[in-house]
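The next block holds one structure in the form of structure tokens; read it before the comments.
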Amino acid sequence: MESMHKFVPLVCLISMNMVKIVLGTATKFHEGDASMDVKKGIVGVVADYNDGSGKEEIVAIKMALEDFYHYTNRSFGLHIRDSHGDPLKAALAARDLIDKEQVQAIIGPQTWEETTLIAELCNQNMTPLLSLADVTPNWATSKWPFMVQTSPNALKQMKAISAIVQSWDWYSVNIIYEDKDASSTESLSNIYLALTEAGITISNLLSVPPFPSSSLSKDLENLREGHCRVFVVSLSLNLAINLFETASKMDMVGKDYVWIITDPFTSLVHSLNASTISSMQGIIGVKSYFQENRKKHEDFYRKFRRKFSLDYPQELNNEPGTFAAHAYDAAWTLALAMSQTNNNEGGKFLMNKILHSNFLGLKGRIQFNDHTLDPTQTFQIINVIGKGYKEIGFWSNGLGFSSNIGQHDVSYSSSMKELGQVMWPGRPWETPRGWALPTIEKPLRVGVPALSTLKQFINITHDQFQGFTIDLFKATMDLMPYHVPYKFYAFNDTYDELVRQIYLKNFDAVIDVTIISYRYQYAEFTQPYTDPGVVMVVPLKSKTGHRAWLFVKPFTKTMWILIVLVIIYNVFVLWMLERKHFCELKGSILKQYGNIAWLAMTPLVNLNGDKLHNNLSRVAMVVWLFVALIIMQTYTANLTSMLTVERLEPTIGDVDQLRNNNAMVGYSTGSFLKNYLHDVLHFNPANIRQFRSHEEFAEALRRKEIAAVFIEVPGAKIFLAKYCKEFIQAGPMYKIGGFGFAFPQGSPYLPLVNKALLDLFESGKQRELENRMLASEKCEESEPDGETASLSPNSFWALFTLTAGTSTIALLIYVTGTNGSNHDQKTIGWLTSAVIEQWGQAKRRLSRKDSHVAESPVNSPDSDSHVMQRPQA
């Protein structure tokens, strides 16, 4: 564009004679001079006579001025110049209109490269320019304040194209665009943004020069060699016709191919001849759509067909397109503004009137915002079939797809599939996959680290690649939406150098590398497929300290307190119940409590019912003995477990202990951990050693050559699974990115691989592969941790409630002075004595077994004494 601007000063210096020579072949129109009554100004038009859209523009502008005269009786002088589609000639034509014809405003042209030069001239002369270019950069109206865009910006059609691609589950596209000026750059930028927001990757970009090129066939052949079969075309009319004719000859407009065209080319499909249409069968088109006034449009179409056929009888198609409607609205906008001004008020005043326009035109509301019409919000989707095209439906920004528009019962959908059947290239009714096997197979060059210490992840033997990462990568590639060939290559250097090979374009991908921030300067990474982090692994040692108070560990502090409280309460109840029967329970309070405590504890060792005289005391004591025996047995079992099971702990507690002791530590060869240990954990470089395998790790730890090793979490899982009896993880886990696959920056494979990895996670396939790997290293007969938990009152609430409740009931009966019959008291006493005597016999039998007394109870002389006799009432 800058090169075009250099011509502007030259144009300004050209003499009028030279202008006449250059414009000698241009046809001049000056209509309405004699027939029209009142003249309100002179209008200039720059158009390409040889272009179908240029012819439509001229006819539509003439019609607009005629219709305006019919309604207002105001006429305008009209001068039309031919640009021949050349930006320089368009600028010379504009100079002639401004200097010689003294036009108050200029309408046109339709290409941005012509518009840039004319806009500069109009801005210098303060002459309003009503541009019909379909794409105008955002900065243009700021640079040229006398330019206004009268055709709605169609950049939002890129969102419609993105929605179409997404509807059919196509993941990548090829873009073919015209490399001409800033407008093409902005158009490409918008489509790139729309596609990437939808998660669609751009497989290839093909820029077509603004003139016929002999290299087009070769460029298309290069695209065909790839896997992507979806093409988005953003070209001008002549270039698009040439493209499809060439592609058709190469059988690229057939089965498995998808072609999507954009405005303004889509709006001109109706004007194409049968030969061109036949080379475009099955393509999808997107064009701007505006709510139409039926009567107004019917009148316009009728008049346009008649006038176009009179002016251009050689043209077979006289249907008006979008360009004709835009040109009509632009001419009406200018005529309305000029009718409200005087010729001597200047271009600035006229420009202000144009910007304040507000009326309903052929293509909707004409109202400017920042020198441009509001962008198109609705687009029509067509399907080229036979000699014309079929209207499939509509796409509305923010709403989605619909089969009709402007009705009350319109239903919208996020998918184009709801619009009905589409005929694709090659006339198949089934939806194309959007990809195919490349005609020339170029497999991905996948770099594999040969120095990996984790042979379970990567194991290379005789050019055979095996391991967890290899299996996971293969499973990921199998889930890609299209076939991706690949080949593994071993790389015998550090991991940093391995990732750097992607930047040097020696590899297309790298696997089994840690995701670290500084490596992003060379590549981009997938999401991690392993747990992220680095851990410290140290040897185990036996816990030998803190055993002096081990006898209190079986119960928690709360449990001990509760036991003491229950004993004190039971002692109190016995004292209340037995104080009248024992002379020992008389005297000072201290003496009484001592005796009753002895009385309460004696049955735990020697059960003798004769020491208790009150039946209520005996009932309370039986329950307490039952609870006490259960608690004693539980205490004994828990204490035995603590004394017999070996308890282990790490030899090193944390990193600070290692640094303070100036201890040696280890890491894997080629890993980033050397820098991490020095820069982040601040170890002395002299105390850092590298090892090539887990076996070397274990041997160095056994010989105490190193005090600890630092391993990433995936490696630590394998190491501890194999050496679970000797080593343990200690200290915190340091967050690191985890293992992932690396691809070139901006690679189209990256989002697809990420999605495939997610599918593997959600389906459980990744976990299955990981469990299979760890199973081969599983440590058999691994010992328990050794930490036996102390027992709390939660396990004994029922027992404590039972004994406390029984004692309380006995106490209440005693206090309230319940008087039962003498017979009942004797019965309760007999039952209580019998229970206590049976407990005593059981205890004595257990004592005899423990002392290995081999005396049979049958032959024992005391066996008769075991027979109980019920006392007489």
Side-chain angles (χ1 to χ4, degrees), residues 171-172 196 199-205 225-228 435 437-438 440-452 454 456-460 463-530 532 670-672 712 714 736-761 765-766 769-770:
Y171 296 95
S172 62
T196 52
I200 301 164
T201 60
I202 297 177
S203 181
N204 292 285
L205 287 172
E225 290 176 358
H227 64 270
C228 182
W435 62 274
L437 295 179
I440 298 179
E441 191 171 26
K442 294 181 180 179
L444 286 178
R445 298 165 298 171
V446 182
V448 181
L451 297 180
S452 174
L454 301 177
Q456 295 83 357
F457 276 72
I458 298 290
N459 189 16
I460 305 175
D463 294 332
Q464 296 293 321
F465 296 85
Q466 298 175 332
F468 167 75
T469 304
I470 299 295
D471 294 339
L472 185 68
F473 184 81
K474 291 179 178 179
T476 303
M477 291 296 104
D478 290 341
L479 292 179
M480 294 287 279
Y482 49 81
H483 174 70
V484 180
Y486 56 88
K487 186 177 182 181
F488 295 120
Y489 295 88
F491 185 77
N492 195 13
D493 207 336
T494 65
Y495 286 87
D496 286 342
E497 278 299 314
L498 176 60
V499 177
R500 189 167 175 267
Q501 299 308 304
I502 293 180
Y503 178 77
L504 299 176
K505 298 184 178 180
N506 293 327
F507 289 137
D508 301 313
V510 163
I511 63 174
D512 201 53
V513 291
T514 304
I515 303 171
I516 310 173
S517 59
Y518 70 81
R519 288 178 178 171
Y520 269 88
Q521 62 183 314
Y522 302 123
E524 290 188 45
F525 296 87
T526 64
Q527 60 181 316
Y529 55 81
T530 62
S671 170
F672 74 98
E712 293 177 73
I736 298 293
F739 289 1
F741 305 142
F743 288 88
Q745 294 177 346
S747 171
Y749 294 111
L750 196 60
L752 303 178
V753 173
N754 274 327
K755 183 180 182 301
L757 282 173
L758 280 177
D759 291 338
L760 290 177
F761 295 150
K765 180 67 174 179
Q766 185 268 351
L769 293 174
E770 184 176 1

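Values in this document were obtained by computation on a predicted structure and should not be read as measured data. Side chains included, hydrogens not; waters and symmetry mates left out as well; all remaining heavy atoms used. For this chain, numbers begin at 1 and follow the sequence in order.
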### Test item: Asp496 side-chain N/O and Phe672 main-chain N/O as donor-acceptor pair under 3.5 Å
no

### Task
Decide side chain to side chain contact (heavy atoms under 4.5 Å, CB included) for Phe525 and Val513; before the verdict, give the C-alpha distance in whole Å, the side-chain angles of both, and the deciding distance to 0.1 Å.
CA-CA 9 Å; Phe525 296 87; Val513 291; 3.8 Å; yes

### Task
Check whether any side-chain N or O of Gln766 sits under 3.5 Å from a backbone N or O of Tyr529 as a donor-acceptor pair, and report yes or no.
yes

### Message
Using 0.5 Å steps for rounding, measure from the CD atom of Glu770 to the CD atom of Gln456.
### Response
12.0 Å

### Message
Main chain of Leu498, side chain of Gln501: is a donor-acceptor contact present, judged purely on distance under 3.5 Å?
### Response
no

### Task
With rounding to the nearest 0.5 Å, note down the distance linking CD1 in Ile516 to CD1 in Ile736.
6.5 Å

### Task
Indicate yes or no: at least one non-hydrogen side-chain atom of Gln527 is less than 4.5 angstrom from one of Leu758.
yes

### Task
Measure the CG-CG distance between Leu752 and Leu479 for me, rounded to the nearest 0.5 Å.
11.5 Å

### Query
Stepwise, does the side chain to side chain contact (heavy atoms under 4.5 Å, CB included) test hold for Glu712 with Phe739?
CA-CA 9 Å; Glu712 293 177 73; Phe739 289 1; 3.0 Å; yes

### Query
Which atom pair, heavy atoms only, marks the closest approach of Pro449 to Ile458?
O-CG2, 3.6 Å

### Asp759/Lys755 salt bridge by N-O under 4.0 Å criterion
yes

## Note on the structure
Those residues at least two apart in sequence (or on a different chain) that pass side chain to side chain donor-acceptor pair (under 3.5 Å) with Arg445 are Asp508

## Note on the structure
Those residues at least two apart in sequence (or on a different chain) that pass side-chain contact (heavy atoms from CB on, under 4.5 Å) with Gln745 are Glu524

### Query
What is the distance from atom OG of Ser747 to atom CD1 of Ile502, rounded to the nearest 0.5 Å?
9.0 Å

### Query
Checking Thr526 side chain against Leu750 main chain: does a donor-acceptor pair fall under 3.5 Å?
no

Review item, side-chain donor-acceptor pairs of residues 465-478, under 3.5 Å, at least two apart:
unit_1: Thr469; atom_1: OG1; unit_2: Asp512; atom_2: OD1; d: 3.0
unit_1: Thr476; atom_1: OG1; unit_2: Leu472; atom_2: O; d: 2.8

### Query
Where do Ala509 and Phe743 come nearest, in terms of heavy atoms and distance?
CB-CE2, 3.6 Å

### Summary
Residues Pro714 and Phe457: closest non-hydrogen pair is CB-CZ, 3.5 Å

### Task
May I ask you to check whether over 12 heavy atoms, not counting those of Tyr503, lie within 6.0 Å of atom OH?
no

### Message
I'd like to know whether the aromatic ring centres of Phe491 and Tyr489 sit less than 6.0 Å apart in this structure.
### Response
no

### Query
Would you say the side-chain atoms of Ser203 pair up with the backbone N or O of Ser172, donor to acceptor, closer than 3.5 Å?
no

### Task
Decide side chain to side chain contact (heavy atoms under 4.5 Å, CB included) for Tyr749 and Met480; before the verdict, give the C-alpha distance in whole Å, the side-chain angles of both, and the deciding distance to 0.1 Å.
CA-CA 9 Å; Tyr749 294 111; Met480 294 287 279; 3.7 Å; yes

### Message
Counting C-beta onward and ignoring hydrogens, is there a side-chain heavy-atom pair between Tyr520 and Ile515 closer than 4.5 Å?
### Response
yes

#### Entry: Which atom of Ile460 lies closest to which atom of Ala450, heavy atoms considered
CD1-CA, 3.9 Å

### Query
Roughly how far apart are Arg500 CZ and Asp493 CG, rounded to 0.5 Å?
10.5 Å

#### Entry: Close side-chain approach of Tyr495 and Arg519, heavy atoms under 4.5 Å
yes

